[in-house]
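Side-chain atoms are counted along with the backbone in the values below, which use heavy atoms only and exclude waters and symmetry mates. Residue numbers begin at 1 in each chain, while the letters A, B, ... track the order of the sequences.
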2 protein chains.
Amino acid sequence: MNDLLRVTRALADETRLRILLAMRQQELCICQLIELLQLAPSTVSKQVSILREAGLVQARKDGRWVYCRLASRRGNPLVRRAMDLVLEGAGESLRQAQDGDALNKILSMDPEVLCRKQRPQSV
Amino acid sequence: MNDLLRVTRALADETRLRILLAMRQQELCICQLIELLQLAPSTVSKQVSILREAGLVQARKDGRWVYCRLASRRGNPLVRRAMDLVLEGAGESLRQAQDGDALNKILSMDPEVLCRKQRPQSV
DNA sequence: TTATCATTTCGTCAGTTGGCGAAATATAGA
DNA sequence: TCTATATTTCGCCAACTGACGAAATGATAA
């Protein structure tokens with residue numbers, strides 16, 4: 001039941017569901033998630049780590065960037081059931097439409113440019 | 001996403017998972033759940049109501065007793081996926097074994113006797 | 001090496017949650 | 001009607017959570 005609880009708790013937060021839904025089509029690096037969610041880097045990092053602990057998300061490091069994607073559907077059956085639930089629940093809320101639009105913009109950008117945009121503004 | 005979130009939040013608590021797992025084979029009345037969980041009636045009532053709000057549990061009233069059971073698998077697909085996840089995650093934890101034993105004892109009892117046992121002890 | 005920078009870790013804080021007991025509610029039985 | 005009682009509602013409190021910023025980490029580039 002502990003594994004189950006770790007998974008259900010990981011799913012029980014809107015930010016984390018938004019992260020999972022954003023990764024449906026492609027992997028995303030942390031800075032892309034930061035841009036999508038408009039949250040502090042430390043917050044995004046923490047939430048992604050909760051999804052990783054639950055086995056829902058896998059990450060690979062490439063230089064300074066960390067790319068995240070949904071865990072394989074062929075791995076842990078618990079994870080597959082969890083994603084089935086999330087995908088079933090993906091509906092037409094305003095928030096999801098907004099995230100979809102924002103994600104398209106982010107994907108059309110060079111990640112380099114995105115990161116530069118996120119650097120502390122020298123005033 | 002709101003419906004999904006209501007479901008995932010309902011699943012994200014050990015007490016509520018225990019309730020769902022206990023109802024796998026048969027409906028249970030609140031006082032049976034109180035005995036199983038060893039929690040205050042107000043607490044059990046609250047947790048069941050969260051499961052009902054999420055659509056995971058249905059209840060029927062029979063006199064003073066309220067009987068609860070898992071929602072139909074043929075209803076909301078979200079609910080079905082949620083229960084698939086829970087059942088997949090039902091494992092062999094010590095807690096589950098203990099709950100199984102306790103549940104068997106409870107089911108072998110007359111609910112009337114169970115309720116009498118729960119009444120405030122007149123010292 | 002040194003500087004830069006994407007990400008993570010840590011400490012803090014406001015808001016939420018899950019537990020309890022007391023009081024309220026609704027129903028059965030006297 | 002009045003009493004007993006199974007359940008719910010309400011208010012409270014300790015523990016947990018999700019957000020942030022500052023500092024630490026690890027890797028690239030100068």
Side-chain angles (χ1 to χ4, degrees), chain A residues 5-6 8-20 27-54 57-68 106 109-122, chain B residues 5-6 8-20 27-54 57-68 106 109-122:
Chain A
L5 201 47
R6 194 174 305 116
T8 56
R9 292 172 62 124
L11 298 181
D13 175 78
E14 184 174 21
T15 298
R16 291 192 291 268
L17 290 181
R18 291 172 71 197
I19 292 173
L20 291 176
E27 64 180 11
L28 292 171
C29 88
I30 301 288
C31 65
Q32 290 174 312
L33 287 171
I34 290 169
E35 186 67 19
L36 173 67
L37 302 168
Q38 293 287 305
L39 292 172
S42 59
T43 301
V44 175
S45 175
K46 180 74 181 312
Q47 303 294 34
V48 168
S49 81
I50 290 172
L51 292 169
R52 290 174 67 176
E53 287 269 334
V57 163
Q58 294 174 336
R60 67 180 176 89
K61 196 162 188 177
D62 182 8
R64 278 175 294 201
W65 283 265
V66 172
Y67 287 93
C68 305
I106 289 166
M109 267 184 182
D110 181 350
E112 291 280 2
V113 177
L114 191 58
C115 280
R116 196 159 319 136
K117 198 161 81 75
Q118 285 174 359
R119 284 179 207 151
Q121 311 283 353
S122 46
Chain B
L5 202 46
R6 194 175 303 114
T8 57
R9 291 172 62 124
L11 299 180
D13 175 78
E14 183 173 20
T15 297
R16 291 192 292 269
L17 289 181
R18 291 171 71 196
I19 293 173
L20 292 175
E27 63 180 13
L28 292 171
C29 88
I30 300 288
C31 64
Q32 292 174 310
L33 287 171
I34 290 169
E35 187 68 17
L36 173 66
L37 302 169
Q38 293 288 302
L39 292 173
S42 59
T43 301
V44 175
S45 175
K46 180 74 181 311
Q47 302 295 31
V48 168
S49 82
I50 289 172
L51 291 169
R52 290 174 66 177
E53 287 268 337
V57 163
Q58 293 174 337
R60 67 181 177 87
K61 197 164 190 177
D62 181 8
R64 276 174 296 198
W65 283 265
V66 172
Y67 287 93
C68 303
I106 290 166
M109 268 183 179
D110 182 350
E112 291 279 2
V113 177
L114 191 59
C115 279
R116 196 159 318 135
K117 199 161 80 76
Q118 286 173 359
R119 282 176 209 155
Q121 310 285 352
S122 44

May I have the list of side-chain donor-acceptor pairs in residues 33-49 of chain B shorter than 3.5 Å, sequence neighbours left out?
{"residue": "B:E35", "atom": "OE1", "partner": "B:Q118", "partner atom": "NE2", "Å": "3.3"}
{"residue": "B:E35", "atom": "OE2", "partner": "B:K117", "partner atom": "NZ", "Å": "2.8"}
{"residue": "B:Q38", "atom": "NE2", "partner": "B:E35", "partner atom": "O", "Å": "2.9"}
{"residue": "B:Q47", "atom": "OE1", "partner": "B:R16", "partner atom": "NH1", "Å": "2.9"}
{"residue": "B:S49", "atom": "OG", "partner": "B:K46", "partner atom": "O", "Å": "2.7"}

Atom pairs and distances, side-chain donor-acceptor, residues 57-65 of chain B, under 3.5 Å, sequence neighbours left out:
{"residue": "B:Q58", "atom": "OE1", "partner": "B:R69", "partner atom": "NH1", "Å": "2.9"}
{"residue": "B:R60", "atom": "NE", "partner": "B:E27", "partner atom": "OE1", "Å": "3.3"}
{"residue": "B:R60", "atom": "NE", "partner": "B:E27", "partner atom": "OE2", "Å": "3.4"}
{"residue": "B:R60", "atom": "NH2", "partner": "B:E27", "partner atom": "OE2", "Å": "2.4"}

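To the nearest angstrom, C1' of C:dG19 lies 13 Å from CZ of B:R18. The CD-P distance, from A:E53 to C:dT8, rounds to 13 Å in whole Å. A:E14 has its CD atom 18 Å from the P atom of C:dG15, to the nearest Å. The interatomic distance linking A:E35 (CD) with C:dT7 (C1') rounds to 16 Å, in whole Å. The distance from atom CG of A:L51 to atom C1' of C:dT7 is 16 Å, rounded to the nearest whole Å. Rounding to whole angstrom units, CD1 of residue A:I50 and P of D:dC16 are separated by 14 Å. The nearest whole Å value for the distance from the CG atom in A:L39 to the P atom in C:dT7 is 15 Å. In this structure, B:D62 atom CG and C:dT27 atom C1' are separated by 11 Å, rounded to whole Å.
Between A:A10 and A:L51, the shortest heavy-atom contact is O-CD2, 4.0 Å. The shortest heavy-atom contact between B:L114 and B:C31 is CD2-O, 4.0 Å.
The salt bridge (charged side-chain N to carboxylate O under 4.0 Å, His left out) test applied to A:E14 returns A:R95, not counting sequence neighbours. With sequence neighbours left out, the side-chain hydrogen bond (donor to acceptor under 3.5 Å, both in side chains) criterion links A:R52 to no other residue.
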Taking protein heavy atoms under 4.0 Å as touching, what does nucleotides 5-14 of chain D look like 5' to 3' if B marks base contact, S marks sugar-phosphate-only contact and - marks none? BSSBB-----
